[in-house]
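Read the structure below first, then the notes.
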Amino acid sequence: MKNKNFAAVYPGSFDPPTNGHIDIITRASHLFPRVIVAVTQNHNKNHMFSLKERVGLLKESVKRLPNVKVVSFEGLLADYLSKINSFVLIRGLRAISDFEYEFQLALMNRNLNKKIETVFLMPDQAYTFLSSSMVKEIAALGGKTKDFVPPCVEKKLNSNKKRG
Ligand code: COA
């Protein structure tokens, strides 16, 4: 790594963060001097948790990792990367089925800004079946989410269930 202060960016909607996301963040924190987890709205999805709530849940979940920072951003990811002068993106690949969407995203981001490189990390195989939508569905139908999400997310899902 040429620059010791170098930061790689892990973007996503994280609605909610799962153990799979935390696994990728932990792996990235071992590889790069700094990791910025960048939370945003995915306008194709109806989010259960607000941007502020998702940032809070991620901050709580990664507080043991000193080189990881959680932020939110609006607008194009490519513009956000230019703004903070960081051009390495991290994305997780759980299965072949993720590949097509991720390939498109990586090439589109590179089209928007030629400097952007996307690095794919594979989560632990225990998490290859996990997704945020599944976790929300399990919680909504009264199932236990303890094994799939950090404790603060489980607590939040349970309190939402009681309110709803
Ligand atoms: N473990 C568990 N689940 C994982 C995972 C992992 N390691 N990696 C991905 N997922 C799941 C997520 O839970 C999520 O599941 P869901 O579809 O059920 O919600 C899904 O894979 C993808 O979510 P995420 O990684 O959070 O990304 P996203 O697809 O919601 O958002 C952005 C992608 C935010 C990077 C993209 O929308 C973006 O860049 N937005 C900004 C606007 C922009 O620049 N658009 C143009 C892009 S070219």
Side-chain angles (χ1 to χ4, degrees), residues 7-32 35-59 61-62 65 68 70-84 86-141 143 145-154 156-157 160:
V9 175
Y10 181 39
S13 50
F14 305 105
D15 185 45
T18 67
N19 287 343
H21 292 126
I22 306 305
D23 181 85
I24 296 287
I25 297 168
T26 307
R27 284 170 200 280
S29 77
H30 296 152
L31 285 175
F32 300 101
V35 175
I36 297 175
V37 180
V39 191
T40 193
Q41 301 294 121
N42 183 331
H43 294 284
N44 300 314
K45 293 180 182 174
N46 285 324
H47 293 303
M48 172 183 253
F49 296 112
S50 70
L51 196 56
K52 201 172 158 209
E53 285 175 312
R54 285 177 273 140
V55 168
L57 290 169
L58 275 161
K59 279 189 176 162
S61 310
V62 301
L65 302 170
V68 176
V70 183
V71 301
S72 65
F73 75 96
E74 279 176 18
L76 279 180
L77 178 58
D79 290 344
Y80 173 69
L81 293 177
S82 298
K83 195 175 128 196
I84 64 164
S86 172
F87 299 101
V88 173
L89 278 180
I90 297 158
R91 294 286 290 169
L93 271 187
R94 291 163 298 172
I96 295 283
S97 50
D98 281 343
F99 181 75
E100 203 164 322
Y101 170 66
E102 292 299 336
F103 188 58
Q104 238 183 330
L105 195 68
L107 293 186
M108 182 52 83
N109 277 319
R110 194 193 272 165
N111 242 280
L112 293 170
N113 186 328
K114 287 194 173 32
K115 287 193 199 165
I116 298 175
E117 296 292 352
T118 304
V119 175
F120 294 105
L121 298 179
M122 267 64 79
D124 188 290
Q125 59 190 14
Y127 304 128
T128 50
F129 60 90
L130 249 186
S131 79
S132 299
S133 306
M134 272 189 192
V135 163
K136 282 182 281 192
E137 189 173 341
I138 293 166
L141 298 174
T145 54
K146 187 171 168 288
D147 293 341
F148 311 131
V149 294
C152 61
V153 176
E154 190 205 4
K156 187 93 180 156
L157 285 166
N160 264 29

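Small disclaimer: the values here were computed from a predicted structure and weren't measured. For ligands, and for the atoms within them, numbers begin at 1 and follow the listed sequence.
Protein heavy atom at the shortest distance from atom 28 (P) of ligand 1 is N42 ND2, 3.5 Å. With respect to atom 47 (C) of ligand 1, the closest heavy atom belonging to the protein is L105 CD1, 3.6 Å. Summary of contacts: the protein heavy atom closest to atom 26 (O) of ligand 1 is S13 N, 2.8 Å. Nearest protein heavy-atom contact of atom 16 (P) of ligand 1 is S133 OG, 3.3 Å. Of the protein's non-hydrogen atoms, K45 NZ, 3.1 Å is the one closest to atom 19 (O) of ligand 1. If you check which protein heavy atom lies closest to atom 44 (O) of ligand 1, you get L77 N, 2.9 Å.
By the 3.5 Å distance cut-off applied to N or O atoms, T40 is not counted among the residues near ligand 1. Where the criterion is an N or O separation shorter than 3.5 Å, residue side chain and backbone included, Q41 fails it with respect to ligand 1. For L112, no nitrogen or oxygen atom sits less than 3.5 Å from a nitrogen or oxygen atom of ligand 1, counting backbone and side chain alike.
Remark: S133 engages S131 in a side chain to side chain contact (heavy atoms under 4.5 Å, CB included) (not counting sequence neighbours). Among residues two or more places apart in sequence or in another chain, the side chain to side chain contact (heavy atoms under 4.5 Å, CB included) test is passed with Q41 by H43, H47, L51, R54.
Of all heavy-atom pairs between E53 and M48, the closest is OE1-O, 4.5 Å. Between D15 and S132, the shortest heavy-atom contact is O-CB, 3.3 Å.
Counting atoms of ligand 1 from 1 in the listed order, those under 4.0 Å from a heavy atom of Y101 are 29 (O), 33 (C).
Put simply, atom 35 (C) of ligand 1 has protein non-hydrogen atoms near it, under 4.0 Å away.
For atom 13 (O) of ligand 1, the choice among A38, G75, S132 with the nearest heavy atom turns out to be S132.
The closest approach between a heavy atom of K136 and any atom of ligand 1 is not below 4.0 Å.
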